[in-house]
Amino acid sequence: MASSLQFSRRTFAHMLGLGAGAALLAPVAGRGMEEHIALRARGRYWPAKLLPKDPKNLVLLNSNENPYGPSPTAREAMIEAHEVACRYPDFYADKLQEKLAAFHGFAPENVVVTCGSTELLKMCAAAFLGPGKRLVQATPTFEALAAYARRGGAEVVKVPVDGDYRHNLDALARAAQERPGLVYICNPNNPTGTVVSRPAIEKFLDKVPRETVVLVDEAYHHYVEDPGYGTLLGAVEVGRNVVIARTFSKIYGMAGLRIGYGLASRALVKKLRREVVFSSANVLGCVAAYASLEDEGFVRQNQQRNQDARNFLVQSMRARGRSVIPSHTNFVCVHVARPVRPVIRAFREQGIRVGRPFAGLPEHIRVSLGLPEEMEKFVAAFDRVFAAATRAA
Ligand SMILES: Cc1ncc(COP(=O)(O)O)c(C=O)c1O
């Protein structure tokens, strides 16, 4: 603990432009801590009040979160940052922007920091769509962008995934020929968990009209094991009309802290910046993201945890005669061979939340990967849900 605290102070000092050994901020522990503990004991601490009634027994496998939470260094950095939570976040967002640029080998002008990657998706709809323009995307895929596009008056064209639940890139390219606006490629795709290879997307880029912007959402890229997969950062490097969306909500375990970012050419980032909500990236999220980026060990550890949970789930389902869609993410779609709504409800009654129903997947449930004990609870509940369904049949 002591060494990670020192490390985080260095990180935070670095962010503030101070020397590594600079006397920083007074430690938070010991400052009003008794008061906080007393408030908590009296039930006055609002987070406890707002938690679901029985959080310990509720298993949340519905939103593709990372149950391990932020890295220890990120947590320590956030404790330090409480001291500056009274300040607007722009300085910290700028530092994070510089850090992300250096991390990816770009200039800061190629990066925009956002309130989760959802804000970036909304910004893309505002910057590149509107009446008379077309959003082309797969179905099923992550739906937030389509909702924003429709609200802005754009046409939304949905192209069904192929027989292997992958993006049908040829059909997407054909649909993109008219009213060029934006194409959304979610890679890996949510909710299917599938990937398309980097060469396939590069070929696709040559087929869409020049003025079309291609938004590649790489929220789950850390989880991919397929050797054919690759980030599209290279396409940004050579100046293609590509925006890459990334997030700290998944491998970095920070979904509640709302930090995402986009990478694109200077010209595209300039257009995107016009649509950003001023000061939308919060101070705690910025320092946690900054500290997490340096924490490669934490990323590797989470990759391993995810792989273990995925293997356990897939093997458990196969042992029960169930097929799954091969997943490159932190969730898996399981074929339940019956309409999905009652199955989702049945899991809920067992205290387990799985994903909502998705277009094109009428008989699959999407199960996010949780802690080992949560995966065991899921499998036990699976047996109860299907034993009950078999008895009822
Ligand atoms: C593919 C994809 N993109 C973007 C998001 C939004 O994530 P956030 O706004 O937390 O970065 C999600 C959330 O689950 C997602 O699955």
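Numbering of ligands and ligand atoms starts at 1, following listing order.
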Using heavy atoms and a 4.0 Å limit, tell me yes or no: is Asn64 in contact with ligand 1? no
Starting from atom 6 (C) of ligand 1, which protein heavy atom do you reach first, and at what distance in Å? Thr118 OG1, 3.3 Å
If I take atom CD1 from residue Ile185 and atom CG from residue Asn187, how far apart are they, to the nearest 0.5 angstrom? 7.5 Å
Considering only non-hydrogen protein atoms, determine which one is nearest to atom 16 (O) of ligand 1 and report residue, atom name and distance to 0.1 Å. Tyr220 OH, 2.6 Å
List the closest protein heavy-atom neighbour of atom 10 (O) of ligand 1: residue, atom name, distance to the nearest 0.1 Å. Ser249 OG, 2.6 Å
What do the steps show when you test His104 against Tyr261 for ring pair (Phe, Tyr, Trp, His ring centres under 6.0 Å), and what is the final call? CA-CA 12 Å; His104 290 295; Tyr261 60 102; 5.7 Å; yes
heavy-atom search around atom 13 (C) of ligand 1 in the protein gives Lys250 NZ, 3.4 Å
With rounding to the nearest 0.5 angstrom, report the CZ to CD distance, Arg356 to Glu143. 6.5 Å
Find all atoms of ligand 1 within a distance of less than 4.0 Å from any non-hydrogen atom belonging to Ser117, and give their numbers and elements. 4 (C), 5 (C), 6 (C), 7 (O), 8 (P), 9 (O), 11 (O)
Which heavy atom of the protein is the closest neighbour of atom 12 (C) of ligand 1, given with residue, atom name and distance? Phe142 CZ, 3.4 Å
Quick one: does Arg258 get a heavy atom under 4.0 Å from ligand 1? yes
Cys186 heavy atoms within 4.0 Å reach ligand 1 at atoms 1 (C)
Sidechain-backbone polar pair: Arg246 side chain, Gly262 backbone, donor-acceptor under 3.5 Å: no
Roughly how far, to the nearest 0.5 Å, is CG of Leu100 from OH of Tyr290? 10.0 Å
Considering only NZ, NE, NH1 and NH2 on the basic side and carboxylate oxygens on the acidic side, decide whether Glu109 and Arg273 come within less than 4.0 Å. no
Looking only at the aromatic ring of each residue, does the gap between the centers of Phe298 and Tyr252 stay below 6.0 angstrom? no
For Tyr165 and His364, take the angle between the two ring planes, folded into 0 to 90°, and tell me which bin it lands in: parallel under 30, tilted 30 to 60, perpendicular over 60. perpendicular
Closer than 4.0 angstrom: is that true for some heavy atom of Phe248 and an atom of ligand 1? no
Test item, Gly260 contacting ligand 1 (heavy atom, 4.0 angstrom): no
Using a strict cut-off of 4.0 Å, indicate which atoms of ligand 1 neighbour a heavy atom of Gly116. 9 (O), 11 (O)
Just to confirm my output: which protein heavy-atom neighbour is closest to atom 2 (C) of ligand 1, and how far is it? Asp217 OD2, 3.5 Å
If every non-hydrogen atom of Phe204 is compared with every non-hydrogen atom of Ala173, which pair is closest and at what distance? CE1-N, 3.5 Å
